[in-house]
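In what follows, a single structure is set out as C-alpha cells and then discussed.
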Amino acid sequence: MAKYIQGATGEWEVVIGLEIHAQVSSEAKLFSGSSTKFGSEPNTQVSFVCSAMPGMLPVINEECIRQAVRTGLAMGCKINLRSVFDRKNYFYADLPQGYQISQFKDPIVGEGVIEVQLEDGSTKAIGVERLHLEQDAGKSLHDQHPSQTYVDLNRCGVALMEIVSMPDMRSAEEAGAYFRKIRTLVRYAGTCDGNMDQGSMRADVNVSVRRPGAELGTRSETKNVNSIRFMMQVIEFESRRQIDLLEDGGTVAQETRKFDPATGTTSSMRSKEEAHDYRYFPDPDLLPLEFTREFVDELAKGLPELPDAKKSRLVTDLGVSEYNASVLVADKENADYFEDLLGDLARKVGQNKAELATRAANWVIVDLFGALKKAGKSITESPISTQHGAELLALQVDGTISGRIAKDVFEIMLESGDNPERIVAEKGLKQMSDTGAIEAMIDEILADNQDKVEQYRGGKDKLFGFFVGQVMKKTQGKANPQVVNQLLRPKLDG
Ligand code: ADP
Ligand code: MG
C-alpha cells in the first residue's frame, strides 16, 4: 500500500536508501593488533599501522573477515569468495594514512533481501546491495581547547561493515523497521553489539522525492545519524524540505547534509562527492581476499537460529501469537529468557510447552518487560531469574496461589530477587481451596448481609461481585476464586 505525501501541487513519493555502518565485534582492529576497546584514554590504542608510519604494512585480521561473512549469511546475502580491498583517497586530520582502506568494486558480501514487518501487519521486502569491510577514521575533538582541535586515533583502523540498501524504502516507518531488523540480525550473529550510543551502529540516510511512478529524484545524504528516532526525523524533515523546494520551482542539490538533534533539522555540509573524486584503486599492500566454500559453510553452521526461523517456530510449534513472537525474537536475549523459562516451567508442572507458552509469553512481555522498562533495566539485568519466573508461574498453574496474589509476589521478587516459593511460604500467601472453610465463610457473609441477599434475589445480579469481594477480603485475597464461584452461586440462587 503506497503512502504518498500530499503537497500543494499533488502527491509525492519518498524514496529512502540507507548506508549502515556497523562496527565489527572483534578484539583487534582490521589490519593491526591494536585494541578496539571503547572509552579508553585518547591515543592509547594506536599502533604504527593505525598512525600510518611510513613503511608499515596492513595485515588482515581473520576474525573480522569471519564476522563479515557471518553477517552476510545472517542477512541471507550472497557471499563473494573473492573480494578486493581498495584505497579511498581523501584528506582529513583524523585520517593519517590519507586514504581509507575499503572495498569498492568487489565487496565481500553481495546482494540479498531483508523482510521487515510493518505496524499494520504487512511485510515488505527491502533489497541489500552489498556489505563491504572498511577502516574507521579517528576522531577530531573540538571541545578540549578554546582555539585548537585535538585528534584521538583510537578508532583509526577499527573494522566497520558498511551495509548498503537498495533505494527500496518509502517511509520513515519502513526505514526504522529495516534498521531494527539489521540490528537484530547482527546481534544474533554476534558480529556487532548494535550499541548506538557508543557509535557501534549509525547510518547515512539518503532521501529523495518523486511523483508516484516517476524516475528517481536527486537525493541528499545525511551523514552519521546515530539513533532510529533521529533517522526518522531526518526522513520527515528532508522529504518536506525537498517537496517544498520542488513545488516552488527549485531543484534539489545532490549534497551531503548533517542533522541537528536540537532542532530536528538538517543543513548542508558540502556538495556530494562522486566515486571518481576518491581515485579508488586496489590497495597494493593487500592481496585479493579469497576463501573457499567450505570456509563459508563452516561459518554458516556456527550461526544460531535466526529471528525469522525462531519466530515461525514459536508461532507454529508453541502457539505463541504473531505479535508476542515478534516482540520476543527482536532481541536474542529476550527470546532466550522466554525459552529458558518455558522449559523450566514445563518440567516443573509436567505439561508440554505448547500448553504453557501463551501464559509464559504474556507474563514475560506484559509483567516482566513492563517492570524492567519502568526500572530502566535490560533483560540481562533482570532481578528475576528464569528459574524464579518459572516457579512463580508454576505456583499459579498448580493452584497454589491465585493470579491476584501472584502480582504481589512478583512485586516482592522484583524488590528482593527472592525465590517465590519462599515468599509464599513466609508470608502465608497460599491459596485457600479448602471448600469446607470457604463454605463456612460464605454462610457467615450471607447471614451478615441479608438485605443484599434479598436485593440479589430480587434481580440485582451485579451484587454477585460484592459477595465474591467479601470472601476475598476475609481471606486477604487467598481464596481460590473458582471455588468461591462454585460455592457461592447455588447458595445465593437457592
Ligand atoms: P555513496 O557512497 O555515493 O553514497 P552508495 O552506492 O554507497 O553511494 O550508496 C548510495 C545509497 O543511496 C544507497 O543506499 C542507495 O539505495 C541510496 N540511493 C541511491 N539513489 C537514491 C535516490 N534517488 N533516492 C534515495 N536513495 C538513493
Ligand atoms: Mg554514501
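Whatever order the structure lists them in is the order used to number ligands and atoms, beginning at 1.
- If you look at Asp168 next to ligand 1, there are no close heavy atoms at all, none under 4.0 Å.
- Between Glu129 and ligand 1, no pair of N/O atoms sits closer than 3.5 Å.
- For atom 13 (C) of ligand 1, the nearest non-hydrogen atom from the set Gly217, Ser165, Pro167, Gly17 comes from Ser165.
- Here Phe85 and Phe31 bring their ring centres to under 6.0 angstrom of each other.
- If you check each of Leu216, Asn206, Thr218 against atom 12 (O) of ligand 1, the one with the closest non-hydrogen atom is Asn206.
- A heavy-atom distance below 4.5 Å is found between the side chains of Leu133 and Met161.
- Looking at Lys139 and Leu153, their side chains never come closer than 4.5 Å, going by heavy atoms from C-beta outward.
- Close approach to Met166 involves these atoms of ligand 1, each under 4.0 Å from a residue heavy atom: 16 (O).
- The aromatic rings of Tyr90 and Tyr278 stand perpendicular to each other, their planes meeting at an angle above 60°, with 30° marking the opposite boundary.
- Heavy-atom contacts of Val164 reach the following atoms of ligand 1: 9 (O), 13 (C), 14 (O) (cutoff under 4.0 Å).
- Every N/O-N/O distance between Ile16 and ligand 1 stays at or above 3.5 Å.
- A side-chain N or O of Gln23 and one of Arg155 form a donor-acceptor pair less than 3.5 Å apart.
- Judged by distance alone, with hydrogens and angles left aside, the side-chain atoms of Ser122 form no donor-acceptor pair with the main-chain N or O of Leu118 at under 3.5 Å.
- Residue contacts with ligand 1, taken as heavy atom pairs separated by less than 4.0 Å, involve Val15 via backbone and side-chain atoms alike.
- Taking every heavy atom of Leu18 and a limit of under 4.0 angstrom, the matching atoms of ligand 1 come to 14 (O).
- Heavy-atom neighbours of Glu415 CD from other residues, nucleotides or ligands within 6.0 Å: at or below the threshold of 12.
- No option in Thr191, Leu81, Leu299 other than Leu299 meets the side chain to side chain contact (heavy atoms under 4.5 Å, CB included) test with Val69.
- When the heavy atoms of Arg219, Arg210, Glu19, Met169 are ranked by distance to atom 20 (N) of ligand 1, first place goes to Arg219.
- With ligand atoms numbered from 1 in the order given, ligand 1 contributes 4 (O) to contacts under 4.0 Å with heavy atoms of Glu221.
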